[in-house]
Protein chains: 2
Amino acid sequence: MRDVARLAGVSPATVSNAMNHPDKVSPATRDRVHAAIAELGFVRNSAAHQLRRGTNRAVGMVVLDVANPFFTDVARGVEEGLAAEGRPLILGNSGQDAARETAYLDLFEEQRVSGLLVTPVGDTLPRLRRLRDRGTSVVLVDRRVGVREFSSVTVDDRRGGRLATEHLLALGRTSVAFVGGPPRLNQVRHRLEAARAAVDAHGSGSVRYVETASMDAAAGRAGAERLLALDAPERPDAIFAGNDLVALGVLQALTRARVAVPDDIAIIGFDDIDFAASAAIPLTSVRQPAAEMGRTAATRLLEIIEDPSTSSVVHTVLEPELVVRESTAGPG
Amino acid sequence: MRDVARLAGVSPATVSNAMNHPDKVSPATRDRVHAAIAELGFVRNSAAHQLRRGTNRAVGMVVLDVANPFFTDVARGVEEGLAAEGRPLILGNSGQDAARETAYLDLFEEQRVSGLLVTPVGDTLPRLRRLRDRGTSVVLVDRRVGVREFSSVTVDDRRGGRLATEHLLALGRTSVAFVGGPPRLNQVRHRLEAARAAVDAHGSGSVRYVETASMDAAAGRAGAERLLALDAPERPDAIFAGNDLVALGVLQALTRARVAVPDDIAIIGFDDIDFAASAAIPLTSVRQPAAEMGRTAATRLLEIIEDPSTSSVVHTVLEPELVVRESTAGPG
DNA sequence: TCGAATTATTGAATCGATTTAACGAAGTGT
DNA sequence: ACACTTCGTTAAATCGATTCAATAATTCGA
């Protein structure tokens with residue numbers, strides 16, 4: 001910056017003013033400074049900038065799993081929402097791993113980001129509290145922990161679970177297997193509980209839980225194979241998958257075993273990722289408005305950053321929507 | 001940090017030494033300092049740290065399109081490769097948009113990241129030169145620009161194009177449409193050129209180019225519809241899609257129009273993303289080793305960071321592999 | 001036991017940009 | 001013409017951690 005100042009024939013302070021308080025500088029010198037900046041290709045050192053300013057404009061986001069299109073859709077929504085304010089978004093991928101989540105939280109805490117969007121994996125609440133107490137605004141995405149303390153944007157999982165299950169029951173299916181896990185995840189619990197409640201309300205039918213360690217296609221294949229190992233009368237006539245990746249895995253395993261979908265076993269997923277529509281047998285799914293979730297979370301976060309005194313905690317719950325395709329309804 | 005020093009009964013300098021040069025501090029005081037750090041939950045301010053240290057350990061990566069699983073797979077590979085050194089990876093998504101790419105390069109330049117992985121979109125070469133001249137190591141991923149200056153990790157697109165086209169020709173297809181674009185992308189050009197060369201070498205057949213503005217499913221649908229609008233004798237009997245997303249879009253459009261795949265028209269994609277295998281008609285594709293590409297790029301970048309004097313430019317070219325599925329081969 | 005060699009700790013300078021308070025120059029009103 | 005604003009500019013202090021040179025404490029050999 002000294003070089004820029006020298007070239008423009010002014011002091012470093014004036015260069016700073018030209019960049020950050022253009023009104024404090026006469027038009028003539030402002031132009032001179034900008035010319036010098038352009039000529040030297042000066043880019044300010046954000047470490048120094050932040051150190052003095054005390055704040056980092058960037059927003060951090062810890063994404064649960066970039067391999068899941070649902071979360072990349074959320075991230076894209078966040079980017080859109082942040083674009084209005086021109087704040088950079090720094091993405092970290094926890095890949096469902098608590099240790100990596102912690103590593104990214106450390107990074108963001110060191111960086112003193114002004115806001116944080118996170119879908120927590122591990123026992124993250126104490127960390128989030130500390131971040132908040134130190135001035136980082138926090139909004140939870142697709143999860144709720146510390147309900148009285150942190151705003152969140154989620155989708156009504158119970159409603160989604162009910163929609164899915166009622167759809168299956170309406171089609172005359174009675175023996176439903178829910179494939180997903182681990183049950184520690186609220187998502188999984190809520191969807192499963194709602195499925196059971198729907199079956200109870202219906203008066204007949206059953207829900208069995210096939211627990212998996214993760215929520216990807218491999219888990220779906222493994223879960224389906226466990227079901228296929230059962231004797232025919234024990235087999236379910238419908239599978240409610242914890243999400244679309246799992247559903248695609250289930251579909252692969254069933255197809256390989258020459259089980260007719262949906263005739264023998266119907267499959268319904270959750271999320272309605274783009275690929276659900278172009279699956280081998282297009283997947284019925286419970287649509288989550290991922291991009292909207294991201295946008296909403298970003299907007300809410302910006303509000304809190306602008307006015308941290310707004311201590312009110314807001315939980316936005318978006319509505320899921322049933323999208324019926326061939327994996328339950330049959331062709332045509 | 002002053003607080004930590006006070007609590008531990010030492011000077012700030014000792015606290016710093018305890019963290020960064022543990023050998024310079026006696027075990028007793030080191031423990032005392034660490035206890036104080038833990039008690040106060042001290043997290044160092046990375047702005048100050050970097051300002052003094054002059055370097056940022058983090059590595060930046062500008063991903064071309066997080067909506068494309070191919071690139072998230074690459075990013076996962078990069079994370080793996082970087083994990084060895086424990087360097088944080090900061091992700092930015094350009095979404096194929098030159099302006100957003102520039103915004104992220106600005107951010108990374110301000111941050112003085114020690115390394116940069118980028119799949120350039122726009123006219124990025126001058127920016128990369130400047131970054132390199134200022135000490136940021138750069139490795140190109142899935143692209144080559146400034147061949148004498150920047151190391152790169154790519155896949156042999158011509159070979160991939162040849163594999164795909166020879167496969168189609170071997171199946172007796174003669175009229176191939178290449179759907180993809182824009183042609184400004186090297187990838188697209190190389191794959192298309194290789195397709196034409198393969199047809200020439202074969203002695204019969206033809207390749208027509210259906211140009212699209214982007215490389216997503218929507219583009220694939222649009223491209224396919226243009227082909228469907230042709231009179232029957234004009235229609236191709238095979239479609240080589242620029243990547244799997246485009247291929248999935250093509251497949252959707254053909255299915256909707258009740259065109260039999262592969263009987264009437266065969267489809268082959270590129271990338272072999274996970275979803276290709278679970279598509280409506282499982283997609284034949286040219287597999288790119290995405291994760292390996294990411295790992296390799298990360299490793300190469302770390303080498304350059306460690307020893308910037310290594311001015312040698314290395315271009316790693318990974319080999320693609322044909323994966324035959326039903327969209328060309330027919331069931332069974 | 002004493003000075004030399006070694007090890008542990010600290011005060012002060014430093015990184016690069018921002019900001020505050022002070023300064024000089026130009027303009028205003030009487 | 002004089003005192004008084006107003007406006008543009010600058011010197012110097014500052015953000016928080018690191019590092020160097022210097023000092024203090026410890027160990028060791030003779």
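Lettering follows sequence order; numbering is per chain, from 1.
Taking 4.5 Å as the limit, every side-chain heavy atom of Arg300(A) sits out of range of all side-chain heavy atoms of Ile305(A). Counting heavy atoms from C-beta on, the side chains of Ile37(A) and Met19(A) come closer than 4.5 Å. The side-chain heavy atoms of Thr124(B) and Glu101(B), taken from C-beta on, include a pair separated by under 4.5 Å. By the 4.5 Å heavy-atom criterion applied to side chains, Tyr104(B) and Val118(B) are not counted as neighbours. Using a 4.5 Å heavy-atom cutoff, the side chains of Leu318(B) and Gln288(B) are not in contact. Side-chain contact between Leu7(B) and Asp3(B) is absent, with no heavy atoms from C-beta onward closer than 4.5 Å. At least one side-chain heavy atom of Thr29(B) sits less than 4.5 Å from a side-chain heavy atom of Ser26(B). Side-chain contact between Leu245(A) and Met215(A) is absent, with no heavy-atom pair separated by less than 4.5 Å.
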> What string of B, S and - do you get for nucleotides 8-17 of chain C, 5' to 3', when a contact is any protein heavy atom under 4.0 Å?
Replying inline: SBBB-BBBBB

Nucleotide N/O of nucleotides 24-27 of chain D paired with protein N/O under 3.5 Å:
none

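For His21(A) and dT19(C), the shortest distance from a side-chain N or O to OP1 or OP2 is below 4.0 Å.
Going from atom CD of Gln111(A) over to atom C1' of dA17(D) covers 15 Å, rounded to whole Å. Taking atom CD of Gln50(B) as the reference point, atom P of dT19(D) lies 13 Å away to the nearest angstrom.
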